[in-house]
Number of protein chains: 2
Amino acid sequence: MSLINEHFLLLSNNYLFSEIAKRVNAFKADNPHRKVISLGIGDVTRPLPEASIEAMTRAVREMADTRTFRGYGPEHGYDFLIEAVIRNDYLPRGVKLSPAEVFVSDGAKSDCGNIGDILSTENSIGVTDPVYPVYIDSNVMCGRAGTPTADGWSNVIYMPCTAENAFKPQIPNRHIDLLYLCYPNNPMGVVLSKEELKQWVDYALANDSIILFDAAYEAYIQDPAIPHSIYEIPGAKKCAIEFRSFSKTAGFTGVRCGYTIVPEELTAATKSGERISLNRLWNRRQCTKFNGTSYITQRGAEAIYTPEGKAQVKQTISYYMDNARLMREGFAKLGIEAHGGENAPYIWLKTPQGLSSWQFFDKLLTTANIVTTPGVGFGPSGEGYVRLTAFGRKEDCREAMERMCSVG
Amino acid sequence: MSLINEHFLLLSNNYLFSEIAKRVNAFKADNPHRKVISLGIGDVTRPLPEASIEAMTRAVREMADTRTFRGYGPEHGYDFLIEAVIRNDYLPRGVKLSPAEVFVSDGAKSDCGNIGDILSTENSIGVTDPVYPVYIDSNVMCGRAGTPTADGWSNVIYMPCTAENAFKPQIPNRHIDLLYLCYPNNPMGVVLSKEELKQWVDYALANDSIILFDAAYEAYIQDPAIPHSIYEIPGAKKCAIEFRSFSKTAGFTGVRCGYTIVPEELTAATKSGERISLNRLWNRRQCTKFNGTSYITQRGAEAIYTPEGKAQVKQTISYYMDNARLMREGFAKLGIEAHGGENAPYIWLKTPQGLSSWQFFDKLLTTANIVTTPGVGFGPSGEGYVRLTAFGRKEDCREAMERMCSVG
């Protein structure tokens with residue numbers, strides 16, 4: 001009798017974004033003439049940088065000619081992209097990486113989900129509350145999250161982020177093996193200073209923990225003092241894996257490209273205490289269960305590092321950050337407490353009048369026809385908040401703020 | 001202390017294709033003026049179909065304009081591609097599928113590797129010997145393969161394929177939970193008739209087994225009586241998952257696209273005997289740990305189903321199959337026993353004079369400067385064979401055969 005992986009049955013069937021879609025679709029069906037504006041899901045709306053378009057058009061053409069056609073590429077990505085990443089994303093910040101430490105992939109979501117393959121399912125997990133659901137769900141699937149408890153999972157340690165701690169988790173006072181950190185943060189829009197990030201690296205080094213650092217939104221950092229990479233902190237190469245994405249930087253949500261850094265000096269232990277290189281294990285995982293990212297896509301990603309590409313990316317980021325500013329200023333005028341949106345594309349909005357996340361979600365949907373994401377969907381400490389994204393069209397953002405002003 | 005997944009340490013570091021690369025590179029370094037012809041790795045050399053090139057060029061252009069830009073696509077693929085797959089690859093063969101049964105991905109290798117996520121690690125595994133190494137290695141990584149034994153893995157049942165059984169495995173006389181079958185076969189180049197495949201489906205239905213059917217090479221079938229899909233066999237939807245790929249059909253090895261069929265009526269059990277839909281579990285897996293395939297790539301794949309695309313794909317397949325014919329005829333003249341190459345792009349060559357796989361590999365490399373793949377690298381029953389692929393350039397194939405004739 002063939003058996004299923006029963007851990008899957010522990011997962012909730014009510015996925016946050018499908019519940020949102022259900023409510024939005026019901027509202028639209030009842031109100032076909034209302035224009036609904038989505039500030040809910042974190043998907044981009046601006047086109048790809050022209051430099052990427054040109055590079056991808058050329059790459060497609062190369063695939064049409066026997067002399068320039070490319071078949072299987074390296075599982076870990078082409079050197080031209082890996083070298084561009086090292087030279088542009090890391091060297092200017094004082095971080096030296098070898099090409100073997102950079103693994104190009106089809107996106108940070110895949111890598112965040114798959115990285116667990118190389119780690120024992122016995123490791124304990126620490127996550128912020130609220131948190132991006134993929135970190136937890138992928139651990140539930142392989143059994144690492146443990147069993148459901150009254151308020152979470154038996155093997156997951158939740159680190160609450162509330163107004164009291166400025167939405168930044170306290171350093172744990174107990175041992176945790178694997179720590180998921182995402183900065184700039186989704187959903188709360190906050191960032192960590194170098195000093196704050198250093199405390200986490202120090203904790204990880206002292207506890208022999210591994211930090212899984214999701215830096216998918218680093219391009220939105222405006223403050224020059226904020227670190228973009230965890231490797232800007234001394235010692236981080238001994239304790240951290242970093243996930244990066246071209247999705248929010250260059251609009252690649254539908255093109256699919258990201259990369260993951262697994263430093264050569266990063267090790268974890270066998271039960272008998274032997275230290276094993278995680279770089280070697282991740283390389284073996286990727287060579288066996290992945291076959292590289294599209295050559296065309298990789299050429300598109302490489303192009304964002306050209307002078308034109310850089311300027312075009314900067315323009316797109318400015319467009320979105322201008323949306324964020326517009327929203328922040330609007331909420332200030334309305335007297336609604338709003339966080340984030342200064343170094344991140346997310347705004348974390350306190351619900352007014354003590355409304356719950358879902359109550360405020362419903363109110364905004366029905367009165368102002370605006371879609372948000374209920375904060376409680378990211379974890380219990382998100383109750384009383386909704387998340388707004390700055391990835392919309394400027395005219396929609398402006399209209400959304402006007403509607404909010406008029407409904408009050 | 002963070003722990004690694006120790007199953008990874010059981011994997012051999014000597015990956016077949018890296019050992020080949022090592023020997024080839026050493027030979028080239030010693031003989032810089034010899035032209036080495038590779039008939040080893042199964043990578044394509046013909047350019048993409050012009051229909052795909054045009055479709056991808058248009059799709060790239062769409063991504064440059066706000067009005068046609070596409071962000072996140074559906075995790076399981078766009079309807080336009082799913083519908084083209086159903087209408088062209090299945091309906092003409094009498095197989096009806098619903099769109100929810102088709103999962104577009106970045107390739108069959110990823111899906112073959114990841115499918116284990118939804119199945120218990122306690123299931124026993126059956127594989128042909130010789131076999132595509134990913135089936136076994138991905139099961140070693142998650143512990144399902146068990147522990148190494150003198151001649152394999154404790155939880156893997158090997159089904160020898162030798163000249164005695166015409167390279168087709170016997171139906172097992174014991175219970176196996178998960179069966180990996182690949183037809184047209186890599187590496188042996190053989191196919192199964194409808195009657196033969198029916199025996200496997202009947203076995204799986206009687207034993208409550210799941211067949212993981214890798215049909216990546218179905219486009220190479222020339223004999224109209226040979227089934228392209230396992231679902232051509234009645235009952236297969238209750239016991240089989242099918243993997244398909246655009247890699248060898250349309251030259252997408254570097255573009256990355258495939259799809260996996262998980263029928264809605266396919267179930268496996270919990271330990272308490274409850275039947276669970278595998279379609280639902282795979283959908284949850286993909287939504288959590290995958291974010292869809294590039295929109296541009298999917299447009300390229302869709303284009304192979306246009307009349308022009310179909311004609312172009314047919315031409316490419318004919319080119320490769322003509323290589324296969326050329327090689328088979330050459331070996332017949334030379335009096336070397338060769339199998340496959342009639343409905344598959346692989347030729348399974350008996351080594352002459354009782355040479356081992358690696359001895360013949362070395363002989364061909366050093367005397368004729370031809371790279372093959374030693375059969376023993378695919379499993380012990382592959383000893384005494386080498387695999388040749390038909391994916392090379394015609395002129396190289398022809399020259400390789402001439403060299404073989406002259407070295408004798």
Side-chain angles (χ1 to χ4, degrees), chain A residues 1-6 8 11 43-48 50 53 56-57 60 63-66 69-73 106-107 109-110 113-114 117-120 122-123 134 137-138 141 177-178 208-210 253-256 268-271 276 281 284-285 288-291 293-297, chain B residues 1-6 8 11 43-48 50 53 56-57 60 63-66 69-73 106-107 109-110 113-114 117-120 122-123 134 137-138 141 177-178 208-210 253-256 268-271 276 281 284-285 288-291 293-297:
Chain A
M1 186 164 74
S2 54
L3 298 173
I4 64 152
N5 172 358
E6 295 196 27
F8 271 72
L11 287 166
D43 196 5
V44 295
T45 53
R46 302 297 300 161
L48 297 189
E50 191 53 37
I53 295 290
M56 290 168 88
T57 305
V60 169
M63 300 298 264
D65 187 322
T66 315
F69 174 79
R70 305 233 190 180
Y72 288 121
D106 66 327
K109 187 181 176 194
S110 303
N114 292 331
D117 280 9
I118 65 170
L119 298 163
S120 167
E122 291 172 35
N123 290 305
V134 164
D137 288 0
S138 59
M141 286 177 175
D177 297 312
L178 308 178
D208 195 3
S209 312
I210 292 168
T253 52
V255 178
R256 314 303 316 140
T270 63
K271 279 189 187 170
I276 305 291
L281 299 194
R284 192 62 158 93
R285 193 270 170 210
T288 304
K289 294 173 76 172
F290 183 62
N291 226 335
T293 302
S294 164
Y295 168 68
I296 298 160
T297 301
Chain B
M1 185 165 76
S2 54
L3 298 173
I4 64 152
N5 172 0
E6 295 195 28
F8 272 72
L11 288 165
D43 197 4
V44 295
T45 53
R46 302 299 299 161
L48 298 189
E50 191 53 37
I53 295 291
M56 292 169 86
T57 304
V60 170
M63 300 298 265
D65 187 322
T66 316
F69 175 78
R70 306 234 188 179
Y72 288 122
D106 67 326
K109 188 181 175 193
S110 303
N114 292 330
D117 281 10
I118 64 170
L119 299 163
S120 166
E122 291 171 35
N123 290 307
V134 163
D137 287 0
S138 59
M141 286 176 176
D177 296 313
L178 307 178
D208 196 3
S209 312
I210 292 168
T253 53
V255 177
R256 313 304 315 138
T270 63
K271 278 189 189 172
I276 304 291
L281 299 194
R284 192 63 158 91
R285 193 269 170 212
T288 304
K289 296 174 74 172
F290 183 61
N291 227 334
T293 302
S294 164
Y295 168 68
I296 298 160
T297 300

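For clarity, every value in this text was computed on a predicted model and none was experimentally measured. Throughout, a chain's letter reflects where its sequence line sits, starting with A, and its residues are numbered from 1. Excluded from the calculations below are hydrogen atoms, water molecules and symmetry mates; all remaining heavy atoms, backbone and side chain alike, are included.
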Subject >> Short side-chain to backbone donor-acceptor contact, B:K109 and A:K289, under 3.5 Å >> reply: no

Original post:
Is it the side chain or the backbone of A:T288 that comes within 4.5 Å of chain B heavy atoms, both, or neither?
Top reply: both

Original post:
Side chain, backbone, both or neither: which part of A:L178 has a non-hydrogen atom closer than 4.5 Å to chain B?
Top reply: side chain

Subject >> Greatest number of heavy atom pairs closer than 4.5 Å to chain A - which of B:G107, B:S209, B:G113, B:G73 >> reply: B:G113

Subject >> Straight-line distance of A:E122 CD to B:N5 CG, nearest 0.5 Å >> reply: 10.5 Å

Original post:
Is chain B contacted by the side chain of A:R46, its backbone, both, or neither, given a heavy-atom distance below 4.5 Å?
Top reply: both

Subject >> Considering all heavy atoms, the nearest A:G254-B:M63 contact >> reply: C-CE, 4.4 Å

Original post:
Taking only residues two or more places apart in sequence, or in another chain, which ones meet B:E6 in a side-chain contact (heavy atoms from CB on, under 4.5 Å)?
Top reply: A:T270, A:K271, B:I4

Subject >> Set of residues satisfying salt bridge (charged side-chain N to carboxylate O under 4.0 Å, His left out) with respect to A:D43, sequence neighbours excluded >> reply: none

Original post:
Within the side chain of A:S2, is there an N or O that forms a donor-acceptor pair under 3.5 Å with the backbone of B:D208?
Top reply: yes

Original post:
What's the spacing between B:R285 CZ and A:S138 OG if we round to 0.5 Å?
Top reply: 9.5 Å

**OP:** Heavy-atom distances under 4.5 Å only: say whether A:N291 touches chain B with side chain, backbone, both or neither.
**Re:** both

Original post:
Where do A:T253 and B:Y72 come nearest, in terms of heavy atoms and distance?
Top reply: OG1-N, 3.3 Å

Original post:
Looking at A:D106, A:L281, A:V44, A:T297, which makes the most heavy-atom pairs under 4.5 Å with chain B?
Top reply: A:L281

Original post:
Can you find a pair of side-chain heavy atoms, one from A:F69 and one from B:T45, that are under 4.5 Å apart?
Top reply: no

**OP:** Considering non-hydrogen atoms only, spot the tightest contact between A:R256 and B:S294 and give its length.
**Re:** CG-N, 3.8 Å

Original post:
Taking A:D137, A:T293, A:I296 one by one, which has the highest count of heavy-atom pairs under 4.5 Å against chain B?
Top reply: A:D137

Original post:
Who wins among A:V134, A:T66, A:T57, A:D65 for the most heavy-atom pairs under 4.5 Å with chain B?
Top reply: A:T66

Original post:
Atom CD1 of A:I210 and atom CG of B:L3: how far apart are they, to the nearest 0.5 Å?
Top reply: 9.0 Å

